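All residue numbers in this chain count up from 1 along the given sequence. Remember, it's a predicted structure, so these values are computed and weren't measured experimentally.
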Amino acid sequence: MRKNIIVISLIFAIPLLAYMALTQSNSTTAKTTEAGRPQVIKFTSEMCLDCQTMNKIFKEIFPKYQNKITLTEIQVQNKNSFNESQIKKYNVTLVPTIILLNSQGKQVKRIEGAIPKEQMDNYLKGLE
C-alpha cells in the first residue's frame, strides 16, 4: 500500500517539477533598447519546434550584429508584467514572432513562423 502511494505521488510530482523547471529556465532577456540602435524582439517558447529552429539560426547569424542591434528575447510562457505588456503591445498570437524595429523605434518588419537563415540575415543587414 505504501509503495502505491509513493508511485502515485511521483506520477503527479515529476511532470509538475519538470514544468516548473522549464518555465523558470531561460528567463526573459529584458534589455532596455539603447538610443539610436535598431532592435529585434523575438517572441519564443521552449516547446515550439519553429522557435527552436529560429533560435539555432539566431545563434549562427546574430553574433556579427550584436554590436549594432539590440536583441530582446521574450519567453511567452513566462508570465510577468513586462512579457504581458510586450505581447499585448505587438499583438502576438503565435510563436515564433519576430519584430524588427529601426533606430527610431518604429516597426519595420514582422515575421511570424520560421524563415530560412539567409532571409533572416538579409533582414538584419537591412535594419538601420
What do the steps show when you test Arg110 against Thr97 for side-chain contact (heavy atoms from CB on, under 4.5 Å), and what is the final call?
-> CA-CA 7 Å; Arg110 178 187 186 98; Thr97 295; 4.0 Å; yes

Scan side-chain atoms only and decide if Gln39 and Thr72 contain a donor-acceptor pair under the 3.5 Å cut-off.
->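 Indeed, the side chains of Gln39 and Thr72 share at least one donor-acceptor pair under 3.5 Å.
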
Side-chain contact, heavy-atom cut-off 4.5 Å: [X] with [Y]?
X: Pro38; Y: Asn102; value: no
X: Asp121; Y: Ile61; value: yes
X: Val108; Y: Tyr123; value: no
X: Val40; Y: Tyr65; value: no
X: Leu124; Y: Met120; value: yes
X: Glu46; Y: Gln77; value: yes
X: Glu73; Y: Thr44; value: yes
X: Ile98; Y: Met54; value: yes

Which value, rounded to the nearest 0.5 Å, describes the distance between [X] atom [atom1] and [Y] atom [atom2]?
X: Leu71; Y: Ile69; atom1: CG; atom2: CD1; result: 9.0 Å
X: Phe58; Y: Cys51; atom1: CZ; atom2: SG; result: 11.5 Å
X: Ile115; Y: Asp50; atom1: CD1; atom2: CG; result: 11.0 Å
X: Ile111; Y: Ile99; atom1: CD1; atom2: CD1; result: 8.5 Å
X: Gln107; Y: Lys89; atom1: CD; atom2: NZ; result: 9.5 Å

Over all atoms of both residues, closest heavy-atom pair of [X] and [Y]:
X: Asn67; Y: Arg37; result: C-NH2, 3.4 Å
X: Pro96; Y: Cys48; result: CD-SG, 3.9 Å
X: Gly113; Y: Leu94; result: N-CD1, 4.2 Å
X: Ser103; Y: Gly36; result: CB-O, 3.3 Å

Pair Asn83-Phe43, side-chain contact (heavy atoms from CB on, under 4.5 Å): steps then yes or no | CA-CA 9 Å; Asn83 287 8; Phe43 295 90; over 6 Å; no

Worked verdict on Ile41 versus Gln86 for side-chain contact (heavy atoms from CB on, under 4.5 Å) = CA-CA 9 Å; Ile41 305 173; Gln86 295 300 301; 4.1 Å; yes

Residues that Lys56 engages under side chain to side chain contact (heavy atoms under 4.5 Å, CB included), provided they are two or more places apart =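 For Lys56 there are no side chain to side chain contact (heavy atoms under 4.5 Å, CB included) partners, ignoring immediate neighbours.
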
Any chance you could lay out the side-chain contact (heavy atoms from CB on, under 4.5 Å) test for Ile74 and Phe82, step after step, and finish with the verdict?
-> CA-CA 9 Å; Ile74 297 176; Phe82 177 77; 4.0 Å; yes

